[in-house]
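One structure is given below, represented as structure tokens, and several questions about it will come after.
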There are 2 protein chains.
Amino acid sequence: MKKQLQPIDAEALLQEHGFKKTPLRIMLLEVLSLSPIPLAVKTLQRKTKKVGADPSTMYRALNAFIEAEIVQAITVDKTKVLYELVQTKNHMHHIVCDSCNTVESIPFCVKNIDQQAINMSRLFKKIYSHQLAFVGTCRKCLRTVR
Amino acid sequence: MKKQLQPIDAEALLQEHGFKKTPLRIMLLEVLSLSPIPLAVKTLQRKTKKVGADPSTMYRALNAFIEAEIVQAITVDKTKVLYELVQTKNHMHHIVCDSCNTVESIPFCVKNIDQQAINMSRLFKKIYSHQLAFVGTCRKCLRTVR
DNA sequence: ATACAAATGCAAATGATTTGCAATAACATA
DNA sequence: TATGTTATTGCAAATCATTTGCATTTGTAT
């Protein structure tokens, strides 16, 4: 059972949010929508090199999308920032491979988890959201001897 | 029921790991052990300013501690890196306040969560650990009108 | 007391991300 | 279709956190 990747109508999405349909922004959304995993800025630059945008332009686009809640940034370790489309349908969590660093997003929900956390907390009274990340070894790396 | 903070024997800990007992490293471990929340580098610099260490020295000490698994770094959002002592006794998760950014660590465990994640995953076969972070509003900020 | 390795301070390098500004491209509308 | 407004872009420079090289100092074992 493979994950279905529905390609997004990037132009429509840009329009809905009042953005102009520029080559970079269109391609950026397409690349993100076609990726089964969250992507680093470097990867995005490589995958959109056809439109040849400046790094600053890339960051501005990503930040605009984050502001508009089209895209979200996730941080899996101290330094690595990855971007992915916001999935409105299901709430996603992540698994990172400790060997090749691939990150997979998985729809996943633990019932009452926010309430359980509140119950343990001394300082908090209200929780809006949570992030859950797993670290493991992907099938491919398990196969590779190292 | 307040959280008990057992002050650590910093010198013993350094010795166990073959580190030299320098003023910065001793104080750093003491500060971390006395904090109920993970701390940013800036905060650590402020709290250890009595020993007046260079930022590079601070980073080298933190990285050495991470390498030795005495300390762990957590990243709650795109940019913010926080450090805390590794809690061997209980596995901790975090709640971040969306208003004042305070981070609280809470002992917390969801049964079978790793297995549940594996079951949802297409790419992963083995999970070693997970991190769970909540975003909410702390009691103090809930009281403050803004 | 001596000697060796680890830890430090300082300055400079790095690397990711942001910003100012002038030029350009997209869009609305006339 | 032409035109004006505004968002978007490229470029260069600024920022900011973190790392590194190197000479010096400090801790520790002998």
Side-chain angles (χ1 to χ4, degrees), chain A residues 9-31 38-68 70-83 101 103, chain B residues 9-32 38-68 70-83 101:
Chain A
D9 182 345
E11 303 204 15
L13 188 57
L14 287 168
Q15 187 153 28
E16 279 170 36
H17 288 269
F19 291 125
K20 292 184 177 174
K21 301 167 194 163
T22 68
L24 172 68
R25 294 187 175 204
I26 292 169
M27 186 157 211
L28 193 48
L29 291 178
E30 284 173 352
V31 165
L39 302 174
V41 168
K42 275 191 179 172
T43 311
L44 290 170
Q45 287 171 330
R46 180 163 36 75
K47 297 203 174 204
T48 60
K49 70 165 173 294
K50 189 181 297 181
V51 298
D54 190 81
S56 66
T57 303
M58 172 101 266
Y59 281 108
R60 276 191 272 232
L62 288 170
N63 288 334
F65 294 159
I66 289 172
E67 179 72 20
I70 296 175
V71 165
Q72 64 188 339
I74 66 166
T75 325
V76 289
D77 67 47
K78 195 154 91 98
T79 41
K80 206 177 177 187
V81 181
L82 303 176
Y83 297 85
N101 293 315
V103 177
Chain B
D9 183 344
E11 304 204 12
L13 189 56
L14 288 167
Q15 186 151 29
E16 279 169 36
H17 289 268
F19 291 125
K20 292 185 176 173
K21 301 168 194 160
T22 68
L24 172 68
R25 295 186 172 204
I26 293 168
M27 187 158 209
L28 193 48
L29 291 178
E30 284 173 352
V31 165
L32 287 170
L39 302 174
V41 168
K42 275 191 179 172
T43 311
L44 290 170
Q45 287 172 330
R46 181 163 34 76
K47 295 201 175 204
T48 60
K49 69 166 175 292
K50 190 181 296 181
V51 298
D54 190 79
S56 67
T57 303
M58 172 101 267
Y59 281 106
R60 276 191 272 232
L62 288 170
N63 288 335
F65 293 160
I66 288 172
E67 180 71 19
I70 297 174
V71 164
Q72 63 188 339
I74 65 167
T75 325
V76 289
D77 67 50
K78 194 154 90 100
T79 40
K80 207 177 176 187
V81 181
L82 303 175
Y83 298 85
N101 294 315

Are the side chains of B/Q72 and B/F65 in contact, using a 4.5 Å heavy-atom criterion?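 Result no, sub-4.5 Å side-chain heavy-atom pair not found.
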Indicate whether OP1 or OP2 belonging to C/dG9 is found under 4.0 Å from a side-chain N or O atom of B/T57. yes
Distance-minimising heavy-atom pair for A/R25 and A/K20: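 Of all heavy-atom pairs spanning A/R25 and A/K20, the closest is CD-O, 4.4 Å.
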Send over the distance from A/L62 CG to C/dT18 P, rounded to a whole Å.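 Distance check: A/L62 CG to C/dT18 P gives 9 Å.
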Can you tell me how far C1' of D/dA17 sits from OH of B/Y83, to the nearest Å?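 Rounded to the whole Å, the gap is 9 Å.
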Ignoring hydrogens and angles, are the base of C/dA5 and the side chain of B/K20 linked by a donor-acceptor pair under 3.5 Å?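 Yes.
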Using a heavy-atom cut-off of under 4.0 Å over every strand shown, decide if A/A64 touches base, sugar-phosphate, or nothing. nothing
When the distance from CG of A/N63 to P of D/dA7 is rounded to whole Å, what number comes out? 17 Å
As a test of reading the structure: which of D/dT9, D/dA12, C/dG9 is closest to the side chain of A/S56, going by heavy atoms?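 The answer is D/dA12, which lies nearest to the side chain.
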Can you see if the side chain of B/T22 gets near the phosphate of C/dT8 - specifically, an N or O under 4.0 Å from OP1 or OP2?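 The answer is yes; a side-chain N or O of B/T22 sits under 4.0 Å from OP1 or OP2.
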Could you check whether any side-chain N or O of B/T57 sits under 3.5 Å from a backbone N or O of B/A53, counting only pairs where one atom can act as donor and the other as acceptor?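 No.
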In whole Å, what is the span from the CG atom of B/D54 to the C1' atom of C/dA13?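 Atom CG in B/D54 sits about 15 Å away from atom C1' in C/dA13.
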Side chain to side chain, B/E67 and B/N63, heavy atoms closer than 4.5 Å: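 Counting from C-beta outward, B/E67 and B/N63 never come under 4.5 Å.
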Between D/dT19 atom C1' and B/E67 atom CD, what is the distance in whole Å? 15 Å
Verify, without hydrogens or angle tests, whether A/T43 (side chain) and A/L39 (backbone) share a donor-acceptor contact under 3.5 angstrom.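 Flag not set: sc A/T43 to bb A/L39 has no pair under 3.5 Å.
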Could you tell me whether the phosphate oxygens of D/dT9, OP1 or OP2, come under 4.0 Å of any side-chain nitrogen or oxygen in A/R25? yes
What's the closest nucleotide to the A/K21 side chain, out of D/dT8, C/dT18, C/dC27?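 So the nucleotide nearest the side chain must be C/dC27.
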When the distance from CZ of B/F19 to P of D/dT26 is rounded to whole Å, what number comes out? 20 Å
First locate atom OG1 of A/T22, then atom CG of A/L14, and finally report the distance between them rounded to the nearest 0.5 Å. 7.0 Å
Find the distance B/E11:CD to D/dG27:C1' and express it as a whole number of Å. 12 Å
Rounded to the nearest angstrom, tell me the gap between atom CZ in A/R60 and atom C1' in C/dT18. 8 Å
Residue-level proximity of residues 42-49 of chain B to DNA chain D when a heavy atom falls under 4.0 Å: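 DNA chain D contact set from residues 42-49 of chain B: B/K42.
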Counting any heavy atom closer than 4.0 Å, what does A/A61 reach on the DNA or RNA strands: base, sugar-phosphate only, or nothing?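 A/A61: no heavy atom of the nucleic acid under 4.0 Å.
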Closest contact, heavy atoms only, B/P38 versus B/I74: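 Closest pair (atom of B/P38, atom of B/I74, distance): CG-CD1, 3.7 Å.
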